[in-house]
Amino acid sequence: MEQHVPADLHGVEPPRRHRRLGRSASPYLLGAPAIVWLAVFFVIPLVTMLSLSIQTCDSITLACKLTWHFAEFPNIIGRYNDTFVRSLVYAGAATVAALVVAFPVTYWIAFRAKRKNFFLLMLLVPFFVSFVIRTTAWYTLLADQGTILSTLKNLHLVPESFHVLATPLAVIGGLAYNYLPFTALPLYVALERIDRRVMEASHDLYATRRVAFTHVVLPLAVPGIFAAFLLTFVPAAGDYVNAAILGGTNTVMIGQVIQNKFLEAADYPAASALSTVLLVLMLVGIAAYAKFLGSRTIEEYV
Amino acid sequence: MTEIDVRLERVSKFFGDVPAVDDLSLDIAEGEFFSLLGPSGCGKTTTLRMIGGFEDPSLGTVYLGGRDVTDLPPYRRDVNTVFQSYALFPHLDVFENVAFGLRRKKVGGKDIGQRVRDAMSLVDLEGFEKRKPTQMSGGQQQRVALARALVNRPKVLLLDEPLGALDLKLRKQMQLELKRIQEEVGITFIYVTHDQEEAMTMSDRLAVMRHGQIEQIGAPELVYESPATEFVAGFLGASNLLDGELVRNQSDVATVRLSTGQDIHFPASKVPSDIDTLVKVGVRPEKISIEADEGEPPAGANWVSGLLRIATYIGVSHQYKVEGPGGTELTVYVQNLGAEEAPAPGRKVRLTWRPEHTFIVKPSAALSPEEEEE
Ligand SMILES: Nc1ncnc2c1ncn2[C@@H]1O[C@H](COP(=O)(O)OP(=O)(O)OP(=O)(O)O)[C@@H](O)[C@H]1O
Ligand SMILES: [Mg+2]
């Protein structure tokens with residue numbers, strides 16, 4: 001039988017269905033707490049910081065006025081150039097060290113361990129202790145007269161003048177240690193997510209354990225490595241506790257300078273300008289990093 | 001005799017205390033198309049995984065080409081697998097997925113390109129080389145998995161329901177292709193499927209598994225025409241089974257007496273050696289002819305009478321449900337020749353079949369509901 005189509009419906013599109021209001025609003029409703037949080041604790045401080053960096057403050061009353069005084073920037077970049085570079089180098093070295101330490105451990109937990117949650121907890125338990133206490137404990141351990149060094153010296157394994165504290169090594173080690181959870185967790189998640197059946201398929205296709213690792217595990221872990229790098233590098237670059245406790249006069253990091261300017265010298269514009277420079281450096285660095293890994297890859301992974 | 005290519009010798013696999021495969025022995029000849037059939041959870045995948053090297057047998061030995069490979073890792077076995085779950089590499093495009101095995105074997109770049117293209121055209125996926133597996137449908141992914149294994153031209157190919165996600169037309173086409181490749185290249189296929197028709201049409205031999213054991217093994221015709229157990233009779237095609245007692249098993253003819261007192265005769269050669277007196281006799285629905293229950297039953301044939309309950313017209317055939325002796329439901333398929341008038345429901349009918357179409361089986365323990373579904 002021939003289908004009868006009413007003539008006046010020819011060429012008329014069916015009415016478009018409208019999404020219900022509640023449905024289109026729901027993402028915003030669900031996001032509201034986060035949006036409010038970000039507005040109050042991120043956007044407002046950020047804007048305040050950016051504006052402070054171009055204000056001029058009265059050194060006695062501490063009253064500040066927006067004067068569009070950009071001169072602070074070339075000034076501090078010139079003065080703290082070395083400190084910036086040192087901070088980035090230390091943070092980079094600490095991140096690499098943390099990755100090197102965390103990868104085998106998380107790989108073992110994700111692929112081989114029977115009681116994964118237990119070992120993951122064991123990895124994280126030290127970090128339930130306060131940040132400052134942990135760093136101070138390291139200070140005690142590494143002290144020139146501490147147990148480790150004095151034993152080594154008594155055994156004549158290291159020269160009498162040997163010391164660890166106040167060297168870059170101490171600061172980088174402290175950073176790597178303190179930010180290890182931020183490295184280990186994203187790595188673990190990425191490794192844990194790798195489908196064991198895909199690993200079997202690679203062995204089926206003649207991949208030895210080593211080839212399966214380099215051709216399957218590693219590429220699939222890239223998103224985790226990327227996340228681990230960011231989550232470790234960014235806070236490490238701005239850290240001031242490790243350098244303050246474990247470092248010396250030659251290992252000053254930019255975080256210490258900012259902290260000093262804010263809390264001790266009350267030089268708000270300079271502190272803000274330093275923070276702004278650090279922020280910009282980070283953004284440029286991450287953008288370059290993302291570019292290097294390929295923008296599509298990032299989209300897929302993050 | 002061709003050489004034995006794959007041999008399982010008294011192999012068992014326990015997960016905890018539960019045997020997934022239970023003391024199973026199996027010989028598969030070189031170039032053979034061998035199918036494993038059985039209900040879900042009967043141990044088909046586990047058996048394949050032990051041949052592929054992904055599962056260590058708890059007991060027993062696995063031989064490939066006469067060599068004991070029980071302790072060899074998968075990548076040292078010349079065996080490829082098409083996994084039930086596809087297991088494609090998510091970070092590689094389709095081309096690299098298919099080329100993976102060739103690259104490990106250090107095949108030259110130009111050869112790789114050619115062989116991958118050939119494999120892709122075999123599974124009808126030309127032009128998909130640059131896609132990522134996640135951008136493909138289930139059936140397309142399954143075909144990539146097939147190409148990825150075939151491209152290596154292994155000696156033994158393990159296929160775990162390799163056509164499960166395909167539609168009927170593509171499935172038929174791939175069945176033909178697979179059979180052609182298998183014969184041309186002479187690969188030994190071990191093929192797991194849920195589809196009995198697929199197993200029957202493609203296999204040289206097949207095994208019906210249940211609870212981790214092989215219930216029966218043999219050529220498709222043999223297993224279909226002379227099932228060894230009630231389970232096999234029920235699993236492979238529809239069958240009609242009647243309870244009875246083996247009363248005579250001498251010279252040429254054996255006799256089973258039904259509960260109604262009626263005798264069913266069949267060649268004594270069909271009686272399994274280890275059978276008790278309480279048995280079931282069976283006949284396939286298409287072997288039965290149905291007629292009105294009048295006059296003398298034909299001499300020399302087996303027959304029972306019953307009440308026709310349902311008559312269904314399904315185009316190529318008529319399907320009848322008959323209430324037979326002791327209330328057993330019997331099924332009859334009659335080819336639609338268009339000549340005779342179909343009997344009407346509610347009538348007394350007589351079902352007749354030839355003695356040589358009768359089979360005799362041991363009654364199996366009650367089927368679990370899961371198995372009933374199959
Ligand atoms: N890794 C495992 N751990 C515990 N039990 C398992 C494991 N793998 C399989 N089993 C059990 O072993 C039995 C056989 O499983 P198998 O996968 O071999 O079944 P199958 O015949 O392939 O079924 P299907 O047709 O559903 O794929 C099942 O009862 C299953 O639950
Ligand atoms: Mg299976």
Side-chain angles (χ1 to χ4, degrees), chain A residues 99 103 106-108 110-116 186-229 289-302, chain B residues 45 48-56 72-93 96-107 112 116 119 130 132-135 141 144-160:
Chain A
L99 278 171
F103 198 98
T106 48
Y107 179 83
W108 180 80
F111 278 82
R112 302 260 184 277
K114 286 251 165 13
R115 293 154 67 203
K116 296 182 183 185
L187 276 182
Y188 175 76
V189 170
L191 291 170
E192 169 61 23
R193 257 195 353 201
I194 295 176
D195 191 343
R196 296 311 116 101
R197 294 173 300 188
V198 169
M199 300 291 295
E200 288 186 346
S202 77
H203 293 314
D204 185 66
L205 295 162
Y206 320 113
T208 57
R209 280 172 186 279
R210 178 200 296 232
V211 173
F213 180 79
T214 53
H215 285 70
V216 180
V217 175
L218 221 45
L220 287 174
V222 165
I225 297 173
F226 181 72
F229 192 94
Y289 185 36
K291 191 86 185 164
F292 170 70
L293 272 174
S295 56
R296 247 194 74 216
T297 338
I298 299 295
E299 246 167 62
E300 264 168 42
Y301 289 151
V302 177
Chain B
T45 298
L48 276 199
R49 288 173 58 81
M50 288 192 289
I51 300 173
F54 305 109
E55 215 78 76
D56 287 330
L72 233 49
Y75 48 87
R76 300 228 182 289
R77 303 186 185 196
D78 195 10
V79 170
N80 286 116
T81 311
V82 180
F83 292 91
Q84 191 166 13
S85 56
Y86 321 148
L88 301 178
F89 303 118
H91 59 297
L92 299 178
D93 63 15
E96 285 304 325
N97 261 281
V98 176
F100 195 92
L102 298 177
R103 293 212 191 280
R104 301 290 84 71
K105 281 187 156 180
K106 307 269 184 273
V107 174
I112 289 184
V116 170
K130 288 277 154 279
K132 283 282 176 71
T134 46
Q135 302 165 325
Q141 292 180 34
V144 175
L146 209 52
R148 187 177 70 171
L150 279 171
V151 78
N152 303 295
R153 300 182 199 141
K155 282 182 59 192
V156 179
L157 191 59
L158 309 175
L159 304 103
D160 200 346

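Model, not experiment: these values are computed from the prediction. So that the names make sense, note that chain A is the first sequence line, chain B the second, and so on, each numbered from 1.
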Participant: In terms of heavy-atom proximity below 4.5 Å to chain B, should A:Arg209 be classed as side chain, backbone, both, or neither?
Facilitator: both
Participant: What's the shortest heavy-atom distance between A:Ala201 and B:Ala87, and which atoms?
Facilitator: CB-O, 3.5 Å
Participant: Please report the interatomic distance CG(A:Asp204) to CZ(B:Arg104), rounded to the nearest 0.5 Å.
Facilitator: 13.0 Å
Participant: In terms of heavy-atom pairs under 4.5 Å with chain A, which of B:Ala145, B:Pro90, B:Pro73, B:Gly52 leads?
Facilitator: B:Pro90
Participant: Give, for atom CG of A:Leu205 and atom CG of B:Asn80, the distance between the pair rounded to the nearest 0.5 Å.
Facilitator: 5.5 Å
Participant: Non-hydrogen atoms of chain A under 4.5 Å away: do they reach the side chain of B:Arg103, the backbone, both or neither?
Facilitator: neither
Participant: So if I take each residue of residues 152-160 of chain B and look for any heavy atom under 4.5 Å from a heavy atom in chain A, which residues do I end up with?
Facilitator: B:Asn152, B:Pro154
Participant: Which atoms of B:Phe89 come close to chain A, meaning under 4.5 Å heavy atom to heavy atom: side chain ones, backbone ones, both, or neither?
Facilitator: both
Participant: Give the member of A:Ile194, A:Val216, A:Val211, A:Asp195 that has the highest number of heavy-atom pairs under 4.5 Å with chain B.
Facilitator: A:Val216
Participant: Show the nearest heavy-atom pair for residues B:Gly101 and A:Tyr206, with the distance to one decimal.
Facilitator: O-CD1, 3.7 Å
Participant: Considering all heavy atoms of both residues, which atom of A:Pro219 and which atom of B:His91 are nearest to each other, and what is their separation?
Facilitator: CB-CD2, 3.4 Å
Participant: Does a sphere of radius 6.0 Å around CZ in A:Arg210 hold more than 12 heavy atoms from other residues, nucleotides or ligands, not counting ones at 6.0 Å or beyond?
Facilitator: no
Participant: Find the distance between CD (A:Glu200) and OH (B:Tyr75) and round it off to the nearest 0.5 Å.
Facilitator: 13.5 Å
